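Along the sequence shown, residues are numbered consecutively beginning with 1. This one's a predicted model, so the numbers in the text were calculated from it and none came from an experiment. The figures that follow rest on heavy atoms only: side chains count, while hydrogens, waters and symmetry mates do not.
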Amino acid sequence: MVMPPDFATTDVAAKFATYPDKPRQMLLTLRRWIFEIAGDEASIGTLDESLKWGEPAWRAKSGSGITIRADWKEKSPNQVMVFFDCKTDLIDRTRSLLSADLACEGNRAIILPISTPLPEAALKTALGWALTYHRDRKKAQAS
C-alpha cells in the first residue's frame, strides 16, 4: 500500500480539517486510493494536489488523465461527491459499467452516501479511468 504524501499545501490541509469526521475519513480514503493508483501505474506518474473551485483536486503531472475533485458540502450532508470533467464520457461509462455499485448525478459526479462503506473496487476502477483518460484516448485513436 502506497501512503499518500503530506498535503501539498496548507490550503488543502485546511480544507480537509473543515469536514466532519465521517466525510473527512471517506475523503482521506479516496485521496489515498488516488495516490495508490498513480503509484501503481508508471504512466500516470506524480500528482498535483490543489483546490479547484474550493474543492480538493488531483491531476497527473504527466497529463495522462483529467482532474478529479472530491468534496462534502453542508447543503448535502449525507453524501460525498467525486467530480469528473463533464466533457468526458467517464460518468456515462461509470453509469453503464459500474451502476450496481456507484450512483451518478448528471454527467459529472459520483454520489457516495456517508451511511454506507465506500465501494472500493468500483471506485478504484472509475478513479483509474480518470487518471488515464487522455492516455487511453490516444491509444484508442492510434489503433
Side-chain angles (χ1 to χ4, degrees), residues 1-140:
M1 175 171 77
V2 174
M3 292 304 295
D6 290 337
F7 291 109
T9 68
T10 56
D11 290 345
V12 175
K15 180 65 175 179
F16 271 82
T18 68
Y19 298 126
D21 186 56
K22 181 67 175 167
R24 181 176 50 252
Q25 292 309 313
M26 292 175 74
L27 289 161
L28 286 170
T29 298
L30 286 168
R31 179 181 185 267
R32 179 172 44 92
W33 290 346
I34 290 166
F35 278 97
E36 283 178 5
I37 293 164
D40 290 345
E41 180 64 48
S43 68
I44 297 171
T46 58
L47 300 176
D48 274 326
E49 179 176 58
S50 63
L51 293 180
K52 301 260 188 231
W53 300 285
E55 301 165 339
W58 303 271
R59 184 177 182 113
K61 290 180 182 180
S62 67
S64 66
I66 62 162
T67 300
I68 299 168
R69 293 180 294 119
D71 202 13
W72 171 88
K73 299 188 184 295
E74 257 183 72
K75 66 181 181 181
S76 302
N78 298 319
Q79 65 189 29
V80 165
M81 299 177 79
V82 177
F83 301 98
F84 294 155
D85 183 337
C86 63
K87 295 179 189 101
T88 69
D89 68 345
L90 289 173
I91 294 298
D92 286 340
R93 194 183 323 169
T94 299
R95 188 179 285 112
S96 66
L97 299 175
L98 303 172
S99 63
D101 298 309
L102 296 174
C104 299
E105 180 180 282
N107 62 346
R108 66 184 207 115
I110 297 171
I111 310 297
L112 303 166
I114 63 169
S115 60
T116 59
L118 291 172
E120 182 173 356
L123 268 174
K124 283 184 171 181
T125 297
L127 294 169
W129 289 340
L131 289 168
T132 59
Y133 182 78
H134 294 304
R135 182 202 72 188
D136 294 346
R137 284 193 52 198
K138 285 178 185 168
K139 277 185 184 177

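Trp53 is not listed as a side-chain neighbour of Asp71, based on a closest heavy-atom distance of 4.5 Å or more. Between Lys15 and Pro56, some side-chain heavy-atom pair lies under the 4.5 Å cut-off. Side-chain contact between Gln25 and Leu27 is absent, with no heavy-atom pair separated by less than 4.5 Å. With contacts defined as side-chain heavy-atom distances shorter than 4.5 Å, the pair Leu131/Leu47 qualifies. Leu112 places a side-chain heavy atom less than 4.5 Å from the side chain of Met26. The closest side-chain heavy-atom distance from Ile91 to Glu105 is not below 4.5 Å. Side-chain contact check for Val82 versus Ile68: some heavy-atom pair is nearer than 4.5 Å. Contact check for Leu90 versus Ile66: side-chain heavy atoms found under the 4.5 Å cut-off.
The shortest heavy-atom contact between Ile110 and Thr94 is CD1-CG2, 4.2 Å. Looking at every heavy atom in both residues, Ile114 comes nearest to Lys22 through O-CE, 3.0 Å. In this structure, Ile44 and Ala38 approach most closely via the heavy-atom pair CG2-CB, 3.7 Å. Ala57 approaches Lys52 most closely through the heavy-atom pair CB-CG, 3.4 Å. Across Ser64 and Ser43, no two heavy atoms sit closer than the pair CB-O, 3.7 Å. Contact record, Met81 with Ala109: CE-CB, 3.5 Å, taken as the closest heavy-atom pair.
Trp129 carries Arg93 over the face of its six-membered ring, with the cationic atom under 6.0 Å from the centre and within 45° of the normal.
Residues passing the salt bridge (charged side-chain N to carboxylate O under 4.0 Å, His left out) test with Asp11: none are found, sequence neighbours excluded. Evaluation of the salt bridge (charged side-chain N to carboxylate O under 4.0 Å, His left out) rule for Asp6 yields no partner, not counting sequence neighbours. Residues passing the ring-ring contact (aromatic ring centres under 6.0 Å, His included) test with Phe16, sequence neighbours excluded: Phe7, Tyr19. Every residue meeting the salt bridge (charged side-chain N to carboxylate O under 4.0 Å, His left out) condition with Asp92, not counting sequence neighbours, appears here in chain and number order: Arg95. Partners of Arg108 according to the salt bridge (charged side-chain N to carboxylate O under 4.0 Å, His left out) rule, which considers only residues two or more places apart in sequence or in another chain, do not exist here.
With values rounded to the nearest 0.5 angstrom, Thr29 atom OG1 is found 11.5 Å from Arg24 atom CZ.
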One pair to check against side-chain contact (heavy atoms from CB on, under 4.5 Å): Glu49 and Phe35. What are the steps and the verdict? CA-CA 10 Å; Glu49 179 176 58; Phe35 278 97; 4.0 Å; yes

Yes or no on side-chain contact (heavy atoms from CB on, under 4.5 Å) for Asp48 and Trp58, after CA distance, side-chain angles and deciding distance? CA-CA 6 Å; Asp48 274 326; Trp58 303 271; over 6 Å; no

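Remark: side-chain polar atoms of Thr9 are paired, donor with acceptor, to backbone N or O of Val12 under 3.5 angstrom.
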Solution key, residues 119-127 side-chain donor-acceptor pairs under 3.5 Å, sequence neighbours excluded:
residue	atom	partner	partner atom	Å
Glu120	OE2	Lys124	NZ	2.8
Lys124	NZ	Glu36	OE1	3.4
Thr125	OG1	Ala121	O	2.9

